[in-house]
Each structure stands twice: as C-alpha cells, then as structure tokens.
Amino acid sequence: MTDEQSSDFIREIIEQDIEESRYDSRVHTRFPPEPNGYLHVGHAKAVCINFGIAEEFGGLCNLRMDDTDPTKEAWEYVEAHQRDIRWLGFDWDDRLFYASDYFEQLYDWAVELVKKGKAYVDDLSPEQISVYRGDFTTPGRDSPYRGRTVEENLDLFERMRAGEFHEGERVLRAKIDMTHPNMNMRDPVMYRILHETHYKQGDAWCIYPTYDWAHGQSDSIEGITHSLCSLEFEDHRPLYNWFLEQLEIYHPRQIEFARLNLSHTVMSKRLLKALVDEGYVVGWDDPRLPTISGMRRRGYPPAAIRAFCEEIGVAKAASLIDIDMLEHFVRDELNRNAPRVMAVMEPLRVVIENYPEDQTEIFEVDINPEDPDSGTREVPFSNVLYIERGDFREDPPKKFHRLAPGREVRLKQAYLITCRDVVKDQDGEIVELRCTHDPDTRGGVTADGRYVRTLHWVSAEHALDVEVRLYDRLFTRADMGSIPDDKSVVDYLNPSSLEVTSAMAEPSLAAAEPGDRFQFYRNSYVCVDPDSTAERPVFNRTVPLRSTWAKIAEKMT
RNA sequence: UGGGGCGUAGCCAAGUGGUAAGGCACGGGACUUUGGAUCCCGCAAUCGUAGGUUCGAAUCCUACCGCCCCAGCCA
C-alpha cells in the first residue's frame, strides 16, 4: 500500500490507457457483488484489486449490488457486504449503487433494441430454447418467433412488463446469431418474467433483466473505465460489446483475471450456503469458513488479508493457493500487533516450596516484546502455579530443554525455578511438581546470565477458567475443486475442524472484549468470540504459533 | 467435439530476444526471557513437449500435449 512497485498485467494496461489519455486518463472501477450470500476471501481479492487499483491511480471505486435476481437476494446480504468491505479497510463514500435502480433505463434501452429490430419476444419454453440453442458441435436454430414485427414485439414486451403473462411464458431475447460459435451470442435472454417481490424494488417489476443484459450497461451508466472481473466472463465480453455498440453508449474496458482458490476450503457461495443451511457450520460467520465474517470472527486481521491478496498477485492462470500462505500473513500481522497474555492449556500444578504461602507478588510483564511502546501489564504470582503439562518431562529426551527433575527453567518475567520432586497419584499419573525458586532471579533476571528456557505460567488462585475453541482446516483435502464424481464436499469435512477445550488464563483477560486479539504466549493467536461472557470467556484459536519443537517431537516418535 | 483462456520449482508469481526476481513451504545455522520473532545460509525450474528462426529464445514462428471456462429464463 505504500511503496509498492509491484505490478501486474491489469495495472500495466491501465498505465498504458492513462498514457494514451484513454477515458481522459480517469480510473474508475467498481466491485459488483450480488447480495445473495456472504462475501469470502475470493471476493476479498476482487475487492483489493478494484479498490486498490482505484486508490493507487487516484481514481474511484464504486460498490454496486448486482441485484437482478429477486429470488435469491436480500437486504441481509447487502448489509453484510458493506460491513465486510468496510472492515477490510475500503470505502466507497456515497457511491453505493444498485443495478436494480437502473431497471427503468435498462427497460428503455431494451425497447430501443426492439425498435432497431435487434431484440424480440420469444414464446419458446425454457426447454425448447435450450434445444434450439444447439450445442458445441451443433449450430443453433432460429426460434419460430424470431421474425416477429417490431410492432408485435413492442406490444408483447410492454404486456410482459404489465404482468399479462406467466413466468416462463415468454422472454425478450437479443437477435444476434443462432449459429455463433460463442454460445453467449446465440440470441441470449435479456428479460425473463418473474412474479417475485424484489428486496429493494418491491413489486414494481415482474420482468427482470438477466445479468448479461444488465451488467455491461450498469458499468456504462456509472462511467466505469475498467471493468475488472473473473475469467469466466471472458466469453461474455463480445456480448457486452455488442450491446454497448447497438446502444451507442459509453464503453468501459473489461479485463478478466483468475479468481482465487484456496486449499482445504471451498469458495462457492452455493457450497458455503449449503454448509450453513445444512448445519455443518454454525453460520456464515463460522470461524472455519473462508467468509470475510468468518475470518473476522476467527481473528484474522484485515491487514493480513490485504497483504495476502497483494502477495498472491493478479494473473490469468488458474491456481490453488496453499492456505499456509494466508496463515503466514495472519501470523506476520499478529506477531507485530497482538498483545501477549499467558494461558495454560493443559495445566500441571506446580508448588513453589520456598515461596511464602500467603504471599502474592505482582509482576510487570511485557505486553508485546516486538513493540517496545506497548508497555506492560500486571500478572500475579503465588506459590501455587500452573504450567503446561508438555513443558515437563520426567524422563526428558535428548533435545528436550524444558523442565525435568533437577532442572531449572525460567517462568516468564517472574523467577527461575528448579524441579525438586514429582508427585503422582495411584495410577502413576503426575499430579504435581514440587519446585523451589531462586529469589535472586526476580523478574526472571539472572546475575550470571545463565541460559535457561522460558515457560509461561499462571497463578492457580488467580487463574481464569476460559473456553478455547481450536479450529483446524474445514476439509481434509487440499483441492476441493477436483473431488471425484461420486463424492461430495461433505465427504471431506475434517472431523476435528473444531475442538472445544479450556485453559487457565491470567486474570487480565477478564477485561477482554469480543473481537480482541491476543497471543497466548508460546501457543497461539486467539480472538475473543462474540459468545464470550464475563462468567465464561470464550477464545477462538486464530492460528497456532509455528513450532520447531513440534517438528522435532514428531520426528522422535 | 465448436468457442474462449492458461501452462516458469511442492504452491503462488516476476520476466516483454541477451543467458531464470521475490514470497509461501521445506532444510541448516546464529541469536533469543516465546523451541515464536529476527538474521544469515541452503533448497529446488532441461521455463508443458517437439521442431524452427536467431550470434543468442521462457520470450518470435509452427505443430502437438495437458488443464480451466462456456450448451441457466444464475451471477
């Protein structure tokens, strides 16, 4: 966003256009979602491209709802889209538009095409239209209604609008070429009859323009210079050009780029909606979903998503990006900004034998060692503590450098302690460690500079019992776009994509608010969930910290 | 099969006739009050294949192969 010199083929085209004073050197883009579901990372990429390019070239980017299908759209989605795009860090000022607000203009233009003999009302059924269209190898045939007079077409089209016909009874079609090798040019449907209430236009209309008829003209109306869209619209470009030429109106330039595919997840609104509707996840904002709202709830910072979108680039090759890449940017951002806090996931009781039983010390612990200006927080210390069970081994393997009988470790910014004894229950289970602390190491400082590992800890009596939701990838398969025909995405759901557990956390966390992000020291980045209450704080694991120890341990087994 | 696109390391991706950037992942080391971070170093590409043009080709030409999209009154 600052000194980016990174470019791509789209930016190059735009630079070229500016140089040639095309569109008076203006740059005006738009992000045109349909309000029929929630936005996901794939949309985030498009948002970053459209808003980002406008920003870079000193231009503007509109937000436009492409709302031409009343059967699928709703205000809920319009609102969610705005919330999500703002959260991502972009702003459209007062330029929120709706394709449905152009319905009247679109209708007038359709009438104009009818008058020019370039559009006609067809009485064929949907099935017949499909048959008449032919296929890849067979040219289409003209509809028997293709030869209607302008007067007849005008009359019929008016009556379509007036509501005289049933759904599916007639459509308005562009009269282009039924034998065209590009299927989109075989007299595409411009209007269909839908006796449906539109979430925004109410019952004002019973004929609705198709996307193909509405999209190009909407861009034209808004004076868009560069209509950036995904690859699948490449073959629609000739059609959009045809409409614009027939209408002799302002002509934006369309450029297509590859949409984003992420490993271990799905990116189609249809599949996401199915997962939500069928209860495989808790909602559109389930932290396991790649939706913007899901990532927000999971704890992904918007800056990380933006950095990710910048890094993956813009190209035309179909790609599948490893989710590790996204997580890298999440960690990168959180490492620099997330306050550190101590929470013990699997508590092992530690008693400091030479520390006064009735004493409590308050230590000032760094909020974020990465950020010298972040200050400190207060953490209470007492003679009974919890440390991570995995930080102790009775019989430590070769490369294990943490606590073990007779060994010394540092408790983060508190004291160095040495393990003196191991207490077990009847089953031989370790239930407690008896340790001593070195009073000369207050704050974790050693006079002789001896090197010991540092552990996180929490005072038992002050600890907060919190819920922690551990998330993992939603699907076990990397490429969900190429599953076998006899399988469904549900077959690849990761059974352990969510595991609910608890932790003993330092008391400062009692003040945490939903949406607050932290690093559970040495463990994970987390984010307070909206389900959180004062009685029961709930944390979502955004992403675990990387761990070379985990790799070593894995190799040893 | 007709049309439209795309093929550069495990995954993204620069490169636009002068001898293959960068990021992710991975491996090693230094440092460390996070086995994190940081810093070094390493890693891997006969540039889909085969021909051709050229002093010189990932870049130009030809053929072939592979992958993606299109036969909604969805967007």
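Computed from a predicted model, the values in this text were never measured in an experiment. Here is the naming used below: chain letters follow the sequence lines, and residue numbers restart at 1 for every chain.
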Exercise for the section: Assign A/Leu124 to base, sugar-phosphate, or nothing according to its heavy-atom contacts below 4.0 angstrom with the strands shown. Expected result: base

Handout entry: Sub-6.0 Å ring centroid separation between A/Tyr300 and A/Phe329
Key = no

Exercise for the section: Tell me what A/His456 touches on the nucleic acid: a base, only sugar-phosphate, or nothing, going by heavy atoms under 4.0 Å. Expected result: nothing

Handout entry: Polar contact flag, side-chain donor to acceptor under 3.5 angstrom, A/Asn241-A/Gln254
Key = no

Problem - Euclidean distance for C1', B/C39 against B/G4 (whole angstrom) - result: 48 Å

Practice task
Report the relative orientation of the aromatic rings in A/Tyr208 and A/His198; use parallel for angles under 30°, tilted for 30 to 60°, perpendicular for over 60°.
Solution key: parallel

Exercise for the section: Indicate, with a heavy-atom threshold strictly under 4.0 Å, whether A/Lys412 touches base, sugar-phosphate, or nothing. Expected result: base

Exercise for the section: Using a 4.0 Å heavy-atom cut-off across all strands, classify A/Glu234 as base, sugar-phosphate, or nothing. Expected result: sugar-phosphate

Fill in the blank from the handout: Across all chains, not counting sequence neighbours, the ring-ring contact (aromatic ring centres under 6.0 Å, His included) partners of A/His40 are A/His43

Fill in the blank from the handout: By ring-ring contact (aromatic ring centres under 6.0 Å, His included), A/Trp284 pairs with (sequence neighbours left out) A/Tyr38

Exercise for the section: Could you check whether A/Ile321 gets within reach of a base, just the sugar-phosphate, or nothing at all, counting any heavy atom under 4.0 Å? Expected result: sugar-phosphate

Completion exercise
The complete set of salt bridge (Lys or Arg N to Asp or Glu O under 4.0 Å) pairs with one or both residues in residues 262-273 of chain A, sequence neighbours excluded, reads A/Lys273-A/Asp277

Handout entry: Salt bridge present between A/Glu164 and A/Arg159 (N-O < 4.0 angstrom)
Key = yes

Problem - Integer angstrom distance from the P of B/G36 to that of B/G29 - result: 12 Å

Fill in the blank from the handout: By side chain to side chain contact (heavy atoms under 4.5 Å, CB included), A/Pro301 pairs with (sequence neighbours left out) A/Ala304, A/Val330, A/Glu333, A/Leu334, A/Arg517

Practice task
Classify the nucleic acid contact of A/Val543 as base, sugar-phosphate or nothing, counting any heavy atom under 4.0 Å across all strands shown.
Solution key: nothing

Handout entry: Test ring-ring contact (aromatic ring centres under 6.0 Å, His included) applied to A/Tyr132 - qualifying residues, sequence neighbours left out
Key = none

Which donor-acceptor pairs under 3.5 Å do side chains of residues 314-326 of chain A form with protein atoms, sequence neighbours excluded?
unit_1	atom_1	unit_2	atom_2	d
A/Lys316	NZ	A/Glu234	OE2	2.4
A/Asp322	OD1	A/Asp324	N	3.0
A/Asp324	OD1	A/Arg473	NH2	3.4

Exercise for the section: Could you tell me whether B/G72 is syn or anti, where syn means a glycosidic angle within 90 degrees of zero? Expected result: syn

Exercise for the section: Please state the P separation for the pair B/G15 and B/A21 - nearest whole angstrom. Expected result: 13 Å

Exercise for the section: Describe the nucleic acid contact of A/Lys269 in one word from base, sugar-phosphate, nothing, applying a heavy-atom distance below 4.0 Å. Expected result: nothing

Exercise for the section: Using a heavy-atom cut-off of under 4.0 Å over every strand shown, decide if A/Leu320 touches base, sugar-phosphate, or nothing. Expected result: sugar-phosphate

Problem - First of A/Gly313 and A/Lys316 reached from the 5' end of RNA chain B, by closest nucleotide - result: A/Lys316

Exercise for the section: Please work out if A/Gln413 contacts a base, only the sugar-phosphate, or nothing of the nucleic acid, heavy-atom cut-off 4.0 Å. Expected result: base

Practice task
Scan A/Ile129 against the nucleic acid and name what it touches under 4.0 Å (heavy atoms): base, sugar-phosphate only, or nothing.
Solution key: base

Practice task
Sequence neighbours left out, what passes ring-ring contact (aromatic ring centres under 6.0 Å, His included) with A/Tyr211? Give chain and number order.
Solution key: A/His215, A/Phe233

Practice task
Could you measure between the two C1' atoms, the one in B/U33 and the one in B/C43, and give it in whole Å?
Solution key: 33 Å

Problem - Between B/U8 and B/G3 - P atom distance, rounded Å - result: 24 Å

Problem - Cationic N near anionic O, under 4.0 Å, A/Glu222 to A/Arg64 - result: yes

Fill in the blank from the handout: Residues in residues 131-145 of chain A with a heavy atom under 4.0 Å of RNA chain B, by number, are A/Arg133, A/Gly134, A/Asp135, A/Phe136, A/Thr137

Problem - Residues in contact with RNA chain B, drawn from residues 161-170 of chain A - heavy-atom cutoff 4.0 Å - result: A/Gly168

Problem - Pairing of A/Asp479 and A/Arg477 as salt bridge, 4.0 angstrom limit - result: no

Handout entry: Stepwise side-chain hydrogen bond (donor to acceptor under 3.5 Å, both in side chains) test for A/Asp366 and A/Thr376
Key = CA-CA 4 Å; A/Asp366 296 333; A/Thr376 60; over 6 Å; no

Fill in the blank from the handout: In numerical order, the residues of residues 334-346 of chain A whose heavy atoms come under 4.0 Å of RNA chain B are A/Asn335, A/Arg340

Problem - Base-paired stems in RNA chain B, each at least three Watson-Crick or G-U pairs under 3.5 Å - result: B:2-7 with B:65-70, B:10-12 with B:22-24, B:26-30 with B:38-42, B:48-52 with B:60-64

Practice task
Could you tell me from which nucleotide to which nucleotide of RNA chain B, 5' to 3', there is an atom under 4.0 Å from chain A heavy atoms?
Solution key: B/U1 to B/A75

Practice task
Quick one: label A/Val452 by what it contacts on the DNA or RNA (base, sugar-phosphate, nothing), any heavy atom closer than 4.0 Å.
Solution key: nothing

Problem - P-based separation of B/G5 from B/C24 [nearest Å] - result: 34 Å

Exercise for the section: Would you please classify the geometry between the A/Tyr98 ring and the A/Tyr199 ring as parallel, tilted or perpendicular, with 30° and 60° separating the classes? Expected result: tilted

Practice task
Please determine which of A/Leu411, A/Val458, A/Ile417 meets the side-chain contact (heavy atoms from CB on, under 4.5 Å) test together with A/Leu385.
Solution key: A/Leu411

Problem - Residue closer to the 5' end of RNA chain B, A/Asp66 versus A/Tyr451 (nearest nucleotide) - result: A/Tyr451

Exercise for the section: In whole angstrom, give me the gap between the P atoms of B/G52 and B/A58. Expected result: 15 Å

Problem - C1'-based separation of B/C6 from B/A13 [nearest Å] - result: 14 Å

Practice task
Give a yes or no on whether a salt bridge exists between A/Asp135 and A/Arg186, defined as a side-chain N under 4.0 angstrom from a carboxylate O.
Solution key: no

Problem - Cationic N near anionic O, under 4.0 Å, A/Arg237 to A/Glu256 - result: yes

Practice task
Would you indicate what A/His401 reaches in the nucleic acid, counting non-hydrogen atoms under 4.0 angstrom: base, sugar-phosphate, or nothing?
Solution key: base

Practice task
Looking at every strand, decide which applies to A/Glu327 at a 4.0 Å heavy-atom threshold: base, sugar-phosphate, or nothing.
Solution key: nothing

Exercise for the section: Please work out if A/Ser125 contacts a base, only the sugar-phosphate, or nothing of the nucleic acid, heavy-atom cut-off 4.0 Å. Expected result: base

